Protein chains: 2
Amino acid sequence: MKNITLKQIAETLGISITTVSKALKGYTDVNENTRKSVLELAERLQYTPNSFAVNLRTQESKTIGLVIPEVVHHFFSNVIRGIIEEAEKNGYLVIILQSSESVASEKKQIELLLQKRVDGIIISLSNESNNESYFSQIMERKIPLVQFDKISKLIPSSKVIINDQKAAYSAVSHLIAKGCKKIAHIRGPVNPQNAIDRFLGYKKALEDHNISFDPKLVYTCTDVTFEEGKSFAKQILASHPDIDGIFAITDLVAVGVLAYFNDHKIRVPEDIKLIGFSNWFMSQVVSPKLSTVDQPSFEMGKQSFHLLLEEINAKKDGLSFTPKTIELDTTIIEREST
Amino acid sequence: MKNITLKQIAETLGISITTVSKALKGYTDVNENTRKSVLELAERLQYTPNSFAVNLRTQESKTIGLVIPEVVHHFFSNVIRGIIEEAEKNGYLVIILQSSESVASEKKQIELLLQKRVDGIIISLSNESNNESYFSQIMERKIPLVQFDKISKLIPSSKVIINDQKAAYSAVSHLIAKGCKKIAHIRGPVNPQNAIDRFLGYKKALEDHNISFDPKLVYTCTDVTFEEGKSFAKQILASHPDIDGIFAITDLVAVGVLAYFNDHKIRVPEDIKLIGFSNWFMSQVVSPKLSTVDQPSFEMGKQSFHLLLEEINAKKDGLSFTPKTIELDTTIIEREST
DNA sequence: TTGTAGGCGTTATCAG
DNA sequence: CTGATAACGCCTACAA
């Protein structure tokens, strides 16, 4: 009573496998009566095509791969949700792999997906990776690829991003509008494009508002964690007590800063104003509530899948496909910390 | 220059496909020289077996399915991480699907996975589901199945759980030890086993400490959200101002309560003590920091995969497999809210 | 309208 | 030690 196959249906009905297949797939050259009996029996037996065979035959798996640095992350889990939902609507399933911010692991994950012969790959790069050689494999094999959020401009593929520079510029301008004169930036690691762009946005906002840029006021995270936020808060207080504004690369880091400040009776926003980035859920539940930059994570997931799907379909139709870049809007969310 | 097959290697080497296959798979009955040349060529051509064909042949996909109510959730995303990591170590990939707490969608996801012919399924039930008929399909097809966290005792499968009743009992006992005399419980929905068990633990703790149980002090969430926490906090204050302790089904709800209390100058823990459940990251960053019950989410993921793997292997070897239940320990984490 | 034949790429059996 | 052959289940020209 296990896996029903076309053969079984054909045999019990005393007809050929071909006819059964055709009937099931709605071909017109099947007698109305045979069709009916086939459909009926298939229904009764709960026939479902063996996807292994279908995969082999059609050379596609209706499965895509997703590689992200970290699953346990408000931003990424929202992206995941966006991708999964859209994928499902379009008949695709999603295999998720974590790079854990390691290039070696990223390479391995990509190879796994390639071996698995997924129909396409969506990726957000790890902090260390840039234009690693393993991407050439994807290109050579012409596997549809979409990068989002943490991208490398050197890798030719579709991309879904925000304008990090502009978003950071707005965030810092917001601090300035609120009266900040000496603003520190806790930035992300050196390599990732979005950390660079946010830093650039910070710098440009200062310059445009006639505040001289001081590299000493820039603190660089390596792991972008809550703890780093705390420890930089301490450093900032110790070495630059006259600072009146902080722009943190991520809400998590900002919340770390806030925790330190709360513990040490630094009043936010009275003494120091603070703005984060990404609008994690957590930013609404701390006190004071954190001002931040909203990043449309769910939408990013959706759009990423759509770009991928376009490319998959183009490939199937033998059409050429020119990578596209979608830039999503961000918004400043003013709460209590600024 | 696309997909290298055994055939191509065989042809360029002028030998049979069979021999190539054997050489590659390390069979002993292949001449040392032929083996070498095969291995060499395969390496040079970057041969990887076509997994579609392998799947069809071996009747397994080396892929498992995971169905959870919600991806964007600190607890579940940790479980996901645990599962993905263990799966990868054992050569399995993971397809993730969301039920969004809907029975209809859960049913659909399971059917998708069944069609995909995953080697096994790990699931945490949606709040509404109990012993839905679609589980019988899994049983009939003998697809290995593991339930975790939100389980149904009626479905015969391996399970990875915590002792919710005991954990809740400890949480409430903790409140009592801290001096609470009148304790409210914000419970989860009516159906899920873990909400029931936590409620039972709450009740038992009261009884064992000679505090009479008052059903009016039990508030029932439908969605288990931050907002519900807030709104129940308001209700509690309005109808039972003499309450001095609250046990919330989840940290998210507790944080909602806390937000309301903070806004209305109710001091925690001085006026009311509060304990959550699950030890979400967010519970450490609110102020006061939330006391809670630590639930080993990552470990749950790992164990779930291992149970599944055991069952998959038993099935492959034609052995019978008796479902196991693993119960993981929880710990009270005392912070500032109690 | 129906069926035959071949192939997708791999693996297992069995004969040479 | 090597290879021919069949089979996994489905799909699609092409014949009948």
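In what follows, every heavy atom counts, from backbone to side chain, and hydrogens, waters and symmetry copies are set aside. Here the structure is a predicted model, which is why all the values come from computation and not from measurement.
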Contact class for L6(A) (heavy atom, under 4.0 Å): base, sugar-phosphate, or nothing? sugar-phosphate

For the CD atom on Q59(B), are there more than 12 heavy atoms of other groups (residues, nucleotides or ligands in this structure) within a distance under 6.0 Å? yes

Contacts of F76(A) that satisfy ring pair (Phe, Tyr, Trp, His ring centres under 6.0 Å) - sequence neighbours left out: H73(A)

Please report, rounded to the nearest Å, how far the P atom of dG9(D) is from the CG atom of L56(A). 12 Å

Pick base, sugar-phosphate or nothing for I17(A), based on heavy-atom distances below 4.0 Å to the nucleic acid. nothing

Can you tell if the side chain of L145(B) reaches within under 4.5 Å of the side chain of I123(B), non-hydrogen atoms only? yes

Flag yes if more than 12 heavy atoms outside E111(A) fall under 6.0 Å of its CD atom; otherwise flag no. yes

With sequence neighbours left out, the residues meeting salt bridge (charged side-chain N to carboxylate O under 4.0 Å, His left out) with R35(B) are E32(B)

Set of ring pair (Phe, Tyr, Trp, His ring centres under 6.0 Å) partners for Y92(B), sequence neighbours left out: F305(B)

Would you please confirm or rule out a distance under 4.0 Å between OP1 or OP2 of dC10(D) and any side-chain N or O of Y47(A)? yes

Tell me which residues in residues 20-33 of chain B lie within less than 4.0 Å of DNA chain D, going by non-hydrogen atoms. K22(B), D29(B), V30(B), N31(B)

How many whole angstroms separate atom CD of Q115(B) from atom P of dC10(D)? 12 Å

Tell me which residues in residues 34-42 of chain B lie within less than 4.0 Å of DNA chain D, going by non-hydrogen atoms. T34(B)

Non-neighbouring partners of D317(A) that pass salt bridge (charged side-chain N to carboxylate O under 4.0 Å, His left out), sequence neighbours left out: none

Does Q59(B) make a side-chain N or O approach to OP1 or OP2 of dG9(D) shorter than 4.0 Å? yes

At 4.0 Å (heavy atoms only), tell me whether T5(A) reaches a base, stays on the sugar-phosphate, or touches nothing. sugar-phosphate

Tell whether T18(B) reaches the base of dA4(D) with its side chain through a donor-acceptor pair below 3.5 angstrom. yes

